[in-house]
Amino acid sequence: MAKDFTKRSQDYSKWYNELVVKADLAETSDVRGAMIIKPYGFAVWEKMQAELDKKFKQTGHQNAYFPLFIPKSYLSKEADHVDGFAKECAVVTHYRLKNSEDGKGVVVDPKAKLEEELVVRPTSETIIWNSFKKWIRSYRDLPVKINQWANVVRWEMRTRLFLRTSEFLWQEGHTAHATKQEAVEEAELMLNVYADFVENFMAVPVLKGIKTESERFAGALETYCIEALMQDGKALQAGTSHFLGQNFAKAFDVKYASKEGNEELVWATSWGVSTRLMGALIMTHSDDHGLVLPPKLAPIHVAIVPIYRNEEQLEAISEKANALKSELEAKGLTVKYDDRDTYKPGWKFSEYEFKGVPLRIAIGPKDLEKGTVELARRDTLTKEFVDYNEVSQKVFTLLDEIQQSLYDRALKFREDSTQTVNNWDEFKAAVKKGGFVNAYWDGTAETENKIKELTKATIRLMPLDSKANAEQGECVLTGKKTNLLVTFARAY
RNA sequence: CGGGGUGUAGCGUAGCCCGGUUAUCGCGCCACGUUUGGGACGUGGAGGCCGCAGGUUCGAAUCCUGCCACCCCGACCA
């Protein structure tokens with residue numbers, strides 16, 4: 001399995017592709033750009049969903065479901081929005097097939113052309129706001145705070161498993177508020193929910209900030225984002241939250257009667273994270289031995305492998321293993337006792353290692369004699385013998401430790417990979433080296449584009465409070481005085 | 001959608017330049033036996049429209065044309 005597995009230093013993207021497939025997370029499908037998420041990969045995604053869903057509900061949101069198909073005319077109601085997505089929309093034009101003339105298959109029935117073509121949703125603002133219009137009459141109907149778990153389609157030229165696929169899974173939150181302040185607070189709140197989740201559950205440290213105008217979501221006034229740094233020094237946008245102002249309320253004519261009896265446009269937000277988080281997870285923690293999963297997202301916390309020479313030994317070991325399994329499961333862990341006799345222990349060790357199972361316990365004849373087990377941790381690849389009576393406690397301690405140490409390790413990597421530069425030569429060298437590069441920027445799209453052209457680096461984010469920054473510096477490209485100290489990187 | 005590369009068994013490959021018996025090897029798979037503290041070994045077995053469609057030829061995995069898919073590098077993006 002991990003034999004002939006590409007090392008990160010040899011070819012990082014090959015390493016990633018092989019890891020995703022060999023760890024049984026996902027595979028490519030016959031449909032261009034679309035992926036098949038396999039049970040093991042989906043189990044990780046389900047853990048992410050479960051935690052996020054809990055957080056959304058705790059912050060007052062309700063789940064709902066809106067159609068996959070959006071009437072083409074809806075999409076064009078908000079000008080910036082349609083501009084942003086038009087180039088990557090799949091369109092449904094017909095609703096029926098018929099047998100082909102030569103009898104060898106089916107063809108689209110030209111008679112079954114749709115009056116109005118349907119767009120497969122690239123995101124759902126328009127169809128949701130079309131409903132909000134019907135739902136919202138008075139200030140008493142506000143706020144409306146909806147989330148939906150769904151698939152969306154964005155026709156991509158180049159795709160990579162989890163990182164960019166034509167169809168992907170995500171959640172999209174859509175809220176409507178009476179005041180600007182409330183909407184801005186909502187967008188900021190959800191950004192914090194994401195950051196909290198990504199850092200504490202995925203053990204992936206993130207920077208929080210806002211996007212420049214050119215990187216902003218199509219139709220938003222402000223896009224808040226969290227950015228993570230991958231091991232190859234490239235940044236990955238892990239989640240976004242948008243303050244949409246009144247753009248969609250205007251486009252869909254969503255007004256409410258205020259307490260004072262005035263007719264007012266409502267204020268909007270939307271926010272989402274996708275299966276792309278799986279890519280962030282993989283590229284933050286995994287190593288040349290395969291996947292590394294933080295305990296909070298691991299579908300299997302502990303794998304127990306018996307080592308035996310005869311049936312008698314297996315029985316004695318199984319008794320101990322099953323007792324331990326029950327004890328750990330009673331405390332909420334997922335434990336796999338792998339007593340298959342079709343694979344040898346060494347093979348199983350490698351398999352669980354490759355699949356990122358945080359802890360592995362081996363029980364053999366020597367352990368039976370000494371009353372111990374061998375406990376191995378995935379993140380450090382270290383092993384130790386532990387008294388059987390203490391192993392349960394030790395497992396919990398170690399899982400916490402692994403969760404924390406993965407985060408600490410990733411944070412240290414990010415800090416070591418963050419540079420602050422003051423002039424163009426330093427900037428070029430820093431971007432070439434990789435990682436986050438902090439530099440002053442004069443605030444113009446022109447300079448931003450020029451920098452992107454010259455170095456492939458983009459502004460990943462501006463600090464949340466950048467507008468309040470009193471410090472002055474010189475733009476790294478133009479030398480103009482500016483107070484905008486922003487973070488650049490090459491990005492996924 | 002531009003430039004480059006690759007398509008041979010589930011996976012990785014030899015053969016292709018220079019056309020010619022039954023398409024090579026490894027891994028994996030199946031059966032039986034021996035094994036089991038870091039990817040076991042033996043014996044036997046199954047598995048191929050040589051990416052697809054045309055063409056050249058007595059004869060094509062091999063030569064020609066077109067198409068498709070995947071990978072890498074650009075443009076676009078979560």
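Letters A, B, ... mirror the listed sequences (proteins, then strands); counts begin at 1. A quick note: this is a predicted structure, and the numbers were derived from the prediction, not measured.
Going from atom CD of Glu311(A) over to atom C1' of U34(B) covers 15 Å, rounded to whole Å. Protein atom CH2 of Trp347(A) is 9 Å distant from nucleotide atom C1' of G39(B), rounded to whole Å. Here C76(B) presents its P atom at 16 Å from CZ of Phe85(A), a figure rounded to the nearest Å. Across the protein-nucleic acid pair, Trp155(A) atom CH2 and C1(B) atom P stand 12 Å apart, rounded to whole Å. Counting to the nearest Å, the C1' atom of A31(B) and the CG atom of Asp341(A) are 15 Å from each other. Regarding Arg360(A), its CZ atom lies at a distance of 10 Å from the C1' atom of G37(B), rounded to whole Å. Atom P of nucleotide U36(B) and atom CG of Asp338(A) are separated by 18 Å, given to the nearest angstrom. Note: CD (Glu312(A)) to P (U36(B)) measures 15 Å, nearest angstrom.
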Working for salt bridge (charged side-chain N to carboxylate O under 4.0 Å, His left out), residues Lys55(A) and Asp196(A): CA-CA 10 Å; Lys55(A) 288 182 186 295; Asp196(A) 178 56; 2.8 Å; yes
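Applying the salt bridge (Lys or Arg N to Asp or Glu O under 4.0 Å) test to Lys145(A) and every residue at least two apart in sequence or in another chain returns Glu186(A).
The main-chain N or O of Ile361(A) is never found under 3.5 Å from a side-chain atom of Glu374(A) such that the two would form a donor-acceptor pair. The backbone N or O of Thr159(A) lies less than 3.5 Å from no partner atom in the side chain of Glu156(A), so there is not a single donor-acceptor pair.
Remark: Arg154(A) is not positioned above the aromatic ring of Phe85(A), lacking an NZ or CZ atom under 6.0 angstrom from the ring centre and at most 45 degrees off the axis. Judged by the 6.0 Å and 45° rule, Lys320(A) forms a cation-pi pair with Tyr388(A).
Applying the 3.5 Å distance criterion, the base of G37(B) shares no donor-acceptor pair with the side chain of Arg309(A). Below the 3.5 angstrom threshold, one finds no donor paired with an acceptor across the side chain of Lys383(A) and the base of G37(B). Judged by distance alone with a 3.5 Å cut-off, no donor-acceptor contact links the side chain of Glu351(A) to the base of G39(B).
Stem list for RNA chain B (at least 3 consecutive Watson-Crick or G-U pairs, distances under 3.5 Å): B:1-7 with B:68-74, B:10-12 with B:25-27, B:29-34 with B:40-45, B:51-55 with B:63-67.
In this structure, of C76(B), C71(B), G38(B), it is C71(B) that holds the atom nearest to the side chain of Asn17(A). Picking from G38(B), A40(B), C76(B) the nucleotide with the shortest atom distance to the side chain of Glu156(A) gives C76(B).
Straight-line distance between the C1' atoms of G54(B) and C68(B): roughly 14 Å, to the nearest whole Å. For the P atom pair drawn from G74(B) and G38(B), the interatomic distance equals 44 Å after rounding to whole Å. For the P atom pair drawn from C63(B) and G19(B), the interatomic distance equals 9 Å after rounding to whole Å.
Across all strands, Leu236(A) comes closer than 4.0 Å to no nucleic acid atom at all (heavy-atom distances).
Taking the ring centroids of Tyr492(A) and Phe162(A), they lie at or beyond the 6.0 Å cut-off.
The side chain of Lys456(A) contributes an N or O atom lying less than 4.0 Å from OP1 or OP2 of G74(B). A close approach under 4.0 Å does occur between a side-chain nitrogen or oxygen of Lys344(A) and OP1 or OP2 of G37(B). In terms of phosphate contacts, Thr28(A) brings no side-chain nitrogen or oxygen within less than 4.0 Å of OP1 or OP2 of C70(B).
Residue Arg160(A) is the one, among Gln237(A) and Arg160(A), whose nearest nucleotide of RNA chain B lies closer to the 5' end (criterion: closest heavy atom). If Tyr343(A) and Phe349(A) are placed on RNA chain B by their nearest nucleotide, the residue sitting closer to the 5' end is Tyr343(A).
For the residue pair Thr372(A) and Asp367(A), a side-chain donor N or O sits within less than 3.5 Å of a side-chain acceptor on the partner.
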